[in-house]
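Everything below concerns the one structure shown next.
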Amino acid sequence: VHRRALPGVRSIADLASITPGITFGQSATVYGTGQTTIAIRGVDSQSGIPTTGVYIDDTPVQTRVGVSPSLGNVYPQVFDLERVEVLRGPQGTLFGSGSVGGAIRFIMPKPNYDDLSVYARSELATTKHGAASYEGGVAVGAPIVQDKIAFRASAWLRRDGGYIDRLDPYTKQLVRKDSNSQDSFSARLALGFRLGDMLTLTPSVYHQDLKINDGSRFELATSDRESGDLRMSLNQRAEPRKDKFTLPALKAELDLGGVSLISDTSYLHRTTETTNDDTSLSYVFTGGFTGGPFPAGFEDYAPSTLNLTKQTAFTQELRLQDNNQSDRFNWIAGLFYQKSYVRDQYAANDPRFLDIINLSQEANGEPPFDSLTDSFFGTELYQGKYSNFVRNEHRDRQYAAYAQADYEVIDRLKLTAGARYTIAKYEFTGFGAGPVLSSDGQTDRADTTSKTFTPKFGVSFQADQNNLFYASASKGVRGSGVASPVGGNCVDDAAAIGIDPYATLDVKPDSIWSYEIGSKNRLFDGKLAVDLSAYRVDWKNVQTLIVLPQCTIQTTLNLGTAKIDGVDLALSIRPVTGLTLGASASYVNARYTSSIPGPGNTVVRKAGEPFPGVAPWLNGEYVRPVGGAEIYGRADFSYSSRIKKPLDLNSPLTDPNLPRPPATSQLDLRLGSKFDLSDDTSLDVSIFMNNVTNSQPLLALFHETPGSTYYRAGTFRPRTIGLTVSLRK
């Protein structure tokens with residue numbers, strides 16, 4: 001378990017950059033304001049049930065992910081947190097099927113029964129070639145009735161200024177400067193009731209509202225990456241995203257002496273809305289353009305896709321656990337139930353679809369089509385305006401029982417064993433219509449039930465209070481899923497990999513066994529801390545989200561077996577008073593180990609194809625008392641190496657014009673001072689510079705087809721300088 005509470009951490013992306021073995025980034029490269037994905041130790045397939053569990057306190061909030069850019073995980077904003085826990089490796093025993101790679105827990109502060117607690121933070125920053133950013137938040141906890149009734153309340157607002165200018169696609173004149181700004185708001189209220197000596201009730205509600213005003217991809221042709229001046233002229237309109245959720249919860253704790261009975265009840269309600277501009281996509285796919293200026297006469301042409309999702313989840317968990325942690329035998333057992341629903345709808349509005357087709361006909365010297373029915377698509381726009389309309393509904397019910405125990409067989413030698421038995425029922429209903437799918441309307445259904453058993457075994461030896469050695473083996477299983485039809489644009493891709501473009505595909509369950517050895521050592525009177533682990537992951541029947549290179553539609557396939565070998569290392573050293581140096585690094589060798597045959601003796605994907613890598617992190621902090629204050633300086637440097645293995649140009653899944661991700665690095669600096677305003681109140685004032693070198697790597701590089709020259713990509717936020725002030729009592 002890694003717990004983090006560091007200055008400058010504002011988001012899950014910041015957390016991932018400083019934690020060994022974690023990667024975080026945009027996955028849906030087709031879309032401008034799309035999904036993000038998180039992976040632990042290379043375990044990431046970006047499809048179906050997530051591979052990383054995301055928890056707010058004890059509530060799982062992850063959702064099934066899919067091809068719509070609105071369908072992705074929930075990540076709480078980082079403001080009033082007690083701690084963040086990162087659990088690496090399968091957590092199938094205690095955390096279920098959504099954590100085959102690991103889990104991240106955002107632990108919120110509890111109500112304050114004893115005294116007043118206040119935390120406030122504000123920040124102001126400016127970004128090179130971008131707009132100002134600012135934030136303000138306050139959290140207060142206090143007793144209402146001493147030792148009996150208490151509360152914790154917080155509210156936080158942040159504006160991240162944009163840094164990408166949107167240009168007119170035809171005139172290349174500025175339409176909106178710094179268009180990709182983001183507004184975030186979160187609020188939480190928790191009450192605590194101590195009803196006698198045995199029962200404690202903690203009702204709470206957390207609300208978060210995220211608004212992204214435009215996508216954060218920039219166009220290579222019109223941008224100046226050397227200076228960090230980023231622009232986009234391939235869109236007729238902005239690509240906004242709204243994401244809001246509310247999470248009421250009730251925790252009840254009953255102390256029965258030697259054991260405690262704990263009940264966690266919650267209900268998650270979340271909606272998202274994302275608009276994607278399809279201008280260049282339509283010109284390339286439908287009109288046959290691969291580069292150059294857009295055609296005259298279409299200056300007002302603005303096709304777009306509206307993505308709407310709804311996610312609800314009722315969760316109930318009961319746990320019975322041993323209260324005496326010092327006993328030789330400790331245990332926990334529980335029951336888990338969850339009923340969840342996900343509706344995912346995306347509708348591509350393109351009323352001039354036929355006109356764009358006829359542009360291609362004209363360019364090829366062919367006569368125009370009189371209607372879409374006469375064209376190779378064979379059907380008219382759905383409801384007179386949608387070239388592609390899809391609505392998918394996912395219903396999951398999960399019942400689970402679990403138990404885990406630790407037994408100290410001899411002094412300092414502990415054995416761990418645990419297991420979880422899960423019954424998962426999944427129902428899918430999908431509807432698709434429109435010319436892209438060559439369908440007037442098709443409904444598909446699937447109904448599956450899986451029963452899984454996920455054990456865990458471990459042994460640890462506490463040699464002394466400073467040295468721990470351990471080994472473990474654990475299993476994780478993900479449930480089944482489906483992949484929607486990819487449609488008529490993907491006929492060639494589908495033929496190359498041997499699937500039916502008009503059929504809903506079954507995605508089978510996959511499973512992981514992870515084996516780990518490691519140690520946690522504190523040496524030289526605690527001046528040096530070393531956390532070291534090595535692991536192997538065996539992954540069967542891997543569920544994988546892929547982008548078909550010719551039509552760039554995403555689909556999910558089972559792509560055989562994979563292995564992941566890796567090492568995680570975290571160091572912390574205090575060579576002299578006031579100076580702390582730290583480093584974390586991960587080596588990951590993640591690759592498919594089986595080849596996938598295609599039609600006609602072809603190979604869809606060779607054995608040895610690698611997964612993405614992860615980023616090391618280096619830091620240093622120096623603290624020195626000066627008068628009545630404490631001066632500190634901090635530096636954080638992260639680096640991720642590139643994958644050197646050449647592209648498999650014979651694979652139908654490979655776009656030869658999209659290289660593997662580049663090596664990346666980023667340096668952040670912070671200088672500040674802490675002042676004691678009173679015995680229990682401190683003020684922290686600091687200045688910071690993030691991305692000091694203004695690094696601008698090409699991340700998630702994308703173009704519509706292998707022949708298209710309309711390239712766009714994401715990158716790091718340009719150099720940002722700011723001031724942070726925080727108060728803590």
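Computed from a predicted structure; not experimentally measured. What's counted below: heavy atoms across the whole structure, side chains too, no hydrogens, waters or symmetry copies.
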* To do: Of all the heavy-atom pairs spanning N392 and F428, show the shortest one and how long it is.
  => OD1-CZ, 3.5 Å
* Asked: Sequence neighbours excluded, which residues qualify as side chain to side chain contact (heavy atoms under 4.5 Å, CB included) partners of S695?
  -> N691, T693, P697, F716
* Asked: Is there side-chain contact between L569 and L571, with heavy atoms separated by less than 4.5 Å?
  -> yes
* Asked: Looking at CZ of R642 and OG1 of T664, how far apart are the two atoms once the value is rounded to the nearest 0.5 Å?
  -> 12.5 Å
* Before giving the answer on side-chain contact (heavy atoms from CB on, under 4.5 Å), spell out for S511 and K475 the whole-Å C-alpha distance, their side-chain angles and the decisive distance to 0.1 Å. => CA-CA 7 Å; S511 63; K475 184 180 182 180; 4.3 Å; yes
* Would you say D406 and W331 make side-chain contact, with heavy atoms under 4.5 Å? -> no
* Check whether any side-chain heavy atom of Q338 lies under 4.5 Å from a side-chain heavy atom of P60, and answer yes or no. => yes
* Asked: Is the shortest side-chain N to carboxylate O distance from R105 to E82 below 4.0 Å?
  -> no
* Quick one: list whatever passes ring pair (Phe, Tyr, Trp, His ring centres under 6.0 Å) with Y470, sequence neighbours left out. => none
* Asked: What residues form a ring pair (Phe, Tyr, Trp, His ring centres under 6.0 Å) with Y55, not counting sequence neighbours?
  -> F95
* Minimum heavy-atom distance L647-P659, with the two atoms named -> CD1-CA, 4.2 Å
* Evaluation steps, side-chain contact (heavy atoms from CB on, under 4.5 Å), between I104 and V84 -> CA-CA 7 Å; I104 298 178; V84 179; 3.9 Å; yes
* Take I596 and N558 through the test side-chain contact (heavy atoms from CB on, under 4.5 Å) and record every step on the way to the result. => CA-CA 9 Å; I596 302 300; N558 291 105; over 6 Å; no
* Structure fact -> Contacts satisfying salt bridge (charged side-chain N to carboxylate O under 4.0 Å, His left out) that involve residues 659-669 (not counting sequence neighbours) are E609-R660
* To do: For D648 and T654, test the side chains for any donor-to-acceptor distance below 3.5 angstrom and give the result as yes or no.
  => no
* To do: Would you check if the side chain of T309 reaches a backbone N or O of D344 as a donor-acceptor pair within less than 3.5 Å?
  => no
* From CD (Q398) to OG (S450), nearest 0.5 Å -> 8.5 Å
* **Heavy-atom check, side chain of D264 versus side chain of T59, under 4.5 Å** => no
* Can you measure from CG (N690) to CG (N694) and round to the nearest 0.5 angstrom? => 12.0 Å
* Sequence neighbours excluded, which residues qualify as ring pair (Phe, Tyr, Trp, His ring centres under 6.0 Å) partners of F336? -> none
* Asked: Heavy-atom distance under 4.5 Å between the side chains of I512 and R478, does that happen here?
  -> no
* Side-chain ion pair, D464 and R412, N-O less than 4.0 Å -> no
* Structure fact -> residues 555-566 vs salt bridge (charged side-chain N to carboxylate O under 4.0 Å, His left out), sequence neighbours excluded, gives R536-D565, D538-K563, D565-R591
* To do: Tell me, yes or no, whether the heavy-atom count around D492 atom CG, taken from other residues, nucleotides or ligands under 6.0 Å, exceeds 12.
  => no
* **Main-chain N/O of A607 paired with S595 side-chain donor or acceptor, under 3.5 Å** => yes
* **P455 to T93 - nearest heavy-atom pair and separation** => C-OG1, 4.1 Å
* Heavy atoms of other groups near F461 CZ, more than 12 under 6.0 Å -> yes
* To do: For S519 and N521, test the side chains for any donor-to-acceptor distance below 3.5 angstrom and give the result as yes or no.
  => yes
* If you measure from NZ on K451 to OG1 on T449, what distance do you get to the nearest 0.5 Å? -> 7.5 Å
* Asked: With sequence neighbours left out, what residues match Y407 under ring pair (Phe, Tyr, Trp, His ring centres under 6.0 Å)?
  -> none
* To do: Report yes if some heavy atom in the side chain of L413 is under 4.5 Å from a heavy atom in the side chain of E408; otherwise report no.
  => no
* Which pair of heavy atoms, one from L87 and one from I40, lies closest together, and at what distance? -> O-CD1, 3.9 Å
* For L559, does its backbone N or O pair with a side-chain atom of R605 as donor and acceptor, under 3.5 Å? -> yes
* Establish, from distance only, whether the side-chain atoms of E704 and Y711 form a donor-acceptor pair under 3.5 Å. => no
* Please identify each residue that fulfils side chain to side chain contact (heavy atoms under 4.5 Å, CB included) with R397, with sequence neighbours left out. => Y337, K339, Y399, K425
* Asked: Nearest heavy-atom pair of V100 and G476: which atoms, and what distance?
  -> CG1-C, 3.5 Å
* For A419, all residues meeting side chain to side chain contact (heavy atoms under 4.5 Å, CB included), sequence neighbours excluded -> F453
* Before accepting this row, confirm whether a basic side-chain N of the pair D510/K508 lies closer than 4.0 Å to the acidic partner's carboxylate O. => no
* Asked: Quick check: does any side chain N or O of Q91 sit under 3.5 Å from a backbone N or O of G102, one acting as donor and the other as acceptor?
  -> no
* With R712 as the cation and F218 as the aromatic partner, state whether NZ or CZ is under 6.0 Å from the six-membered ring centre and within 45° of the axis. => no
* Asked: What distance do L94 atom CG and I332 atom CD1 have between them, rounded to the nearest 0.5 Å?
  -> 6.0 Å
* To do: Would you mind reporting whether S665 and F637 have side-chain heavy atoms less than 4.5 Å apart?
  => yes
* Mind checking salt bridge (Lys or Arg N to Asp or Glu O under 4.0 Å) for D525 and listing every partner two or more places apart, or none if nothing turns up? => none
* To do: Could you list the residues that satisfy side-chain hydrogen bond (donor to acceptor under 3.5 Å, both in side chains) with S340, not counting sequence neighbours?
  => none
* Asked: Please walk me through it: do I573 and T580 pass side-chain contact (heavy atoms from CB on, under 4.5 Å)?
  -> CA-CA 6 Å; I573 183 171; T580 301; over 6 Å; no
* Asked: Looking only at heavy atoms, which two atoms of T422 and A400 are closest? And how far apart?
  -> OG1-CB, 3.7 Å
* To do: Please check if the side chain of D57 supplies one atom and the backbone of M108 the other of a donor-acceptor pair under 3.5 Å.
  => yes
* Asked: Heavy-atom distance under 4.5 Å between the side chains of W539 and T561, does that happen here?
  -> no
* To do: Drop me the distance from W513's CH2 to S474's OG, to the nearest 0.5 angstrom.
  => 7.0 Å
* Plane angle bin for H394 and Y426 - parallel if under 30°, tilted between 30 and 60°, otherwise perpendicular -> parallel
* To do: Check side-chain hydrogen bond (donor to acceptor under 3.5 Å, both in side chains) between R522 and all other residues, then give those that pass, not counting sequence neighbours.
  => D531
